[in-house]
Amino acid sequence: MQRLMDLAEIGSIDGGGCARLALTDEDKAGRDLVIAWMHDLGLSVTTDVIGNVVGVWDVGSGQPVMTGSHIDTVRTGGKYDGNLGVLAGLEVIQTLQENNITPLRPLAVAFFTNEEGARFAPDMLGSLVYVGGMPIEEALEIVSIDGATVAAELERIGYNGATPCPAIAPHSFIELHIEQGPVLEQEGIRIGAVTGVQGISWQEVVIDGQSNHAGTTPMSMRKDPALVAAEITVFLRELALRMGGHQVCTVGKIDLHPNLINVVPARAILTLDVRNTDEQLLIQAEKEISDFLAKIASEEQVRISTRPLARFEPVQFADSVINMVHEIAIEHGHTVRYMPSGAGHDAQMLARVCPSGMIFVQSRDGISHNAAEYTSPEDIEAGSNILLHSMLQMAQSEETFA
Ligand code: GLV
Ligand code: MN
Ligand code: MN
């Protein structure tokens, strides 16, 4: 808990939250602090070419059992998203060391670069590159929302490491994370055994119309990108409600140009975040959105172009890990349920190369990506203990843990 509160001091914002967008000065300061803690525990620390940091407790033999998450945040983030998973990993190692328990395999704690995707798209960039899902050359050229490249920012903060990617796959991977949704709290359940992560589709939409005088231009003669941005936002909400189930759609960002009170805008730029646990339904949602964009462009006489920012299919975690988390939770006297994740996570990338899974703990009022994010110390202790026992059990197992 002390480490969580200390890390949250870096980039702290009003309301108790954090602003540590990936590869900013605040992210660098957070990285430096976590690495100092890794050294305190005697871990061997490496930084790879995309800036992922891995601390290894080099005991036992074979490939490490890995845990971890991210320490970057959205600009209006909380203390727990990502940070909990990294610091709980350190706590697991410290607890085992203090109790003279040596696992049969090395244990590794990682924090991955730009999990949030709030500054550079796609999200989960560091873990994606780590598992070979994107060539490093391509990742380094990605441009942020403020115009800087990944390469330049990694170099500027001194986290352009030497360890190559793709990396050698760990033996297995498990991540503790806050739920970031309301289900566990509403059902009064302490632990989530996470079954997988829903698919995600991000795109940027640029609408070009005709800038003109707000007082003199008759409504019938307007080519108004602000109106079209609003129509798209309403359509996404209606689409998600109509499809039901796990379908969610969000317009999180709308920029108008020139953004002045008495000017019909020339341009609107908005982002669409569309997610579903079912790949076929996600494809259907994307198709309906694309059809709507074509229709509204013609009706309102604007030009619309789109740029994909992220696209990941739904991920299923390993049954071995899901069931292990469920069993350990019960053994420790906790209520537990199976559940999918609505948020993206580094574990979904690690799932491409080794048996992987996640443990969820409650988020008060289901609030996350918000300074008010909160998880109780009791829940954090429960989740961290399940992480500890999961990692020990994974370290006992043979080469395959599928
Ligand atoms: C990443 O944190 C996301 O799910 O938006
Ligand atoms: Mn997270
Ligand atoms: Mn997040």
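Counting starts at 1 for both ligands and their atoms, following the listed order. Along the sequence shown, the residues carry numbers beginning at 1. Only this structure's heavy atoms are used, side chains among them; waters, hydrogens and symmetry mates stay out.
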ring-ring contact (aromatic ring centres under 6.0 Å, His included) partners of residues 274-312, not counting sequence neighbours, each pair once: Phe235-Phe292
Verdict with reasoning, Asp291 to Lys295, per salt bridge (charged side-chain N to carboxylate O under 4.0 Å, His left out): CA-CA 6 Å; Asp291 290 349; Lys295 175 169 154 287; over 6 Å; no
ring-ring contact (aromatic ring centres under 6.0 Å, His included) partners of residues 245-269, not counting sequence neighbours, each pair once: none
Partner of Trp202 under side-chain hydrogen bond (donor to acceptor under 3.5 Å, both in side chains), chosen from Thr271, Asp273, Thr250: Asp273
Shell of protein N/O/S atoms around the Mn ion (ligand 3), taken as anything under 2.8 Å: Asp81 OD2, Glu116 OE1, Glu116 OE2, His369 NE2
Distance-only polar pair, side chains of Asp6 and Gln2, donor-acceptor under 3.5 Å: yes
Candidate list Glu155, Lys28, Arg31, test side chain to side chain contact (heavy atoms under 4.5 Å, CB included), partner Leu23, passing option: Arg31
Residues His369 and Asp81: side-chain donor-acceptor under 3.5 angstrom: yes
Glu300 vs Arg222, salt bridge (charged side-chain N to carboxylate O under 4.0 Å, His left out): CA-CA, chis, key distance, verdict: CA-CA 8 Å; Glu300 296 296 333; Arg222 295 186 182 207; over 6 Å; no
Arg267 and Asp255: CA distance, side-chain angles, deciding distance, salt bridge (charged side-chain N to carboxylate O under 4.0 Å, His left out) verdict: CA-CA 8 Å; Arg267 169 175 272 198; Asp255 294 326; over 6 Å; no
Within the protein, flag every N or O under 3.5 Å from an N or O of ligand 1, and note the pair and distance.
from     : atom 1 : to     : atom 2 : distance (Å)
ligand 1 : 2 (O)  : Glu115 : OE1    : 3.4
ligand 1 : 2 (O)  : Glu116 : OE1    : 3.0
ligand 1 : 4 (O)  : Arg275 : NH1    : 2.8
ligand 1 : 4 (O)  : Arg275 : NH2    : 3.4
ligand 1 : 4 (O)  : Gly344 : N      : 2.7
ligand 1 : 5 (O)  : Arg275 : NH2    : 2.9

